[in-house]
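Here is the structure we will look at.
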Amino acid sequence: MTKYGYARVSTIKQDLNEQIDKIKSKGVAINNIFAEKITGTKSDRPEWLKLVQTVQPGDVIIATKLDRLGRSLQVILKEVNELTSKQVTVIVGDITFNNTTPTGTLMLNVMGSFAEFERDMIVDRMQGAREYKRKTDPNYREGRKKKLTPTMVSALKRYYQNHTQKETARAFKICPRTVGNYTGKPKN
């Protein structure tokens with residue numbers, strides 16, 4: 001029996017260390033922890049797929065939270081069913097999921113439903129906050145902030161009159177296409 005761990009966060013900016021520390025505290029060797037920074041809604045999670053291909057009957061997979069295994073109840077159930085059918089034990093936090101018993105199946109369904117509910121609530125709150133900002137803040141703009149201020153755009157246009165698109169891009173640390181977007185017509 002080998003213990004493995006799986007840690008996942010949804011964005012690059014989030015930190016995996018807390019999850020990894022909790023998994024190590026359960027007796028999992030650091031080289032047996034599969035960790036990745038990728039959204040749970042993606043089905044092609046490379047580290048998860050490596051882990052699933054690595055485990056053998058009798059092995060144990062430990063995760064800190066059920067939603068680390070997937071974002072919807074259907075995905076979580078599918079993942080746990082596949083693993084338990086391979087005789088792999090899945091432990092989430094302090095709960096061992098054994099869907100070979102009615103109680104184990106009930107627990108998995110209830111916990112998976114709560115994980116999906118929590119994610120849906122987060123998405124709903126974010127959408128509500130965006131909608132409120134759109135209505136109340138006339139300067140609110142979604143997406144990435146503009147890289148250049150209006151003053152910088154004026155300077156870029158003056159610089160571009162005597163330089164190529166690539167030179168201008170290099171000088172302002174932007175891509176050539178962005179120079180074309182700010183100046184109107186792309187120039188080569």
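Predicted model only: the values in this text are computed from it and were never measured. Heavy-atom basis, side chains included; hydrogens, waters and symmetry copies ignored.
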Val110 reachable from Val92 in the ILVMFWY side-chain graph, under 4.5 Å edges: no
Joint cluster assignment, Ile12 & Leu16, ILVMFWY side-chain distance < 4.5 Å: no
Salt bridge (Lys or Arg N to Asp or Glu O under 4.0 Å) partners of Lys26, counting only residues at least two apart: Asp94
Ile76 side, atom CD1; Arg68 side, atom CZ - distance, nearest 0.5 Å: 9.5 Å
Salt bridge (Lys or Arg N to Asp or Glu O under 4.0 Å) partners of Lys3, counting only residues at least two apart: none
Side chains of Thr2 and Gln56 in contact at under 4.5 Å (non-hydrogen atoms): no
For the student: nearest non-hydrogen atoms of Ala169 and Pro176, plus distance: CB-N, 3.6 Å
ring-ring contact (aromatic ring centres under 6.0 Å, His included) contacts in which one or both residues fall within residues 6-38, not counting sequence neighbours: Tyr6-Trp48
Summary of side chain to side chain donor-acceptor pair (under 3.5 Å) pairs that have at least one residue in residues 123-134, sequence neighbours excluded: Glu131-Arg134, Arg134-Glu142
Flag side-chain contact, heavy atom, 4.5 Å: Ile91 against Val60: yes
Whether over 12 other heavy atoms sit under 6.0 Å from Gln74 CD: no
Partner set under side-chain contact (heavy atoms from CB on, under 4.5 Å) for Glu18, not counting sequence neighbours: Lys22
Side-chain ion pair, Arg45 and Glu79, N-O less than 4.0 Å: yes
Lys157: partners by salt bridge (Lys or Arg N to Asp or Glu O under 4.0 Å), with sequence neighbours left out: none
Lys166 and Val179: CA distance, side-chain angles, deciding distance, side-chain contact (heavy atoms from CB on, under 4.5 Å) verdict: CA-CA 8 Å; Lys166 286 183 182 178; Val179 171; over 6 Å; no
Flag side-chain contact, heavy atom, 4.5 Å: Val9 against Asp15: no
Residue Lys37 excluded, over 12 heavy atoms near NZ under 6.0 Å: yes
Separation of Phe114 CZ from Asp67 CG (nearest 0.5 Å): 13.5 Å
Ser25 OG to Ile62 CD1 distance, which is reported to the nearest 0.5 Å: 8.5 Å
Distance, nearest 0.5 Å, that separates CD of Gln165 from OG1 of Thr178: 9.0 Å
Ion pair check, Lys78 and Glu82, cut-off under 4.0 Å: yes
Joint hydrophobic cluster, Val75 plus Ile122, side-chain heavy atoms closer than 4.5 Å: no
Heavy-atom pair of closest approach, residues Ile23 and Gly5: CG2-CA, 3.6 Å
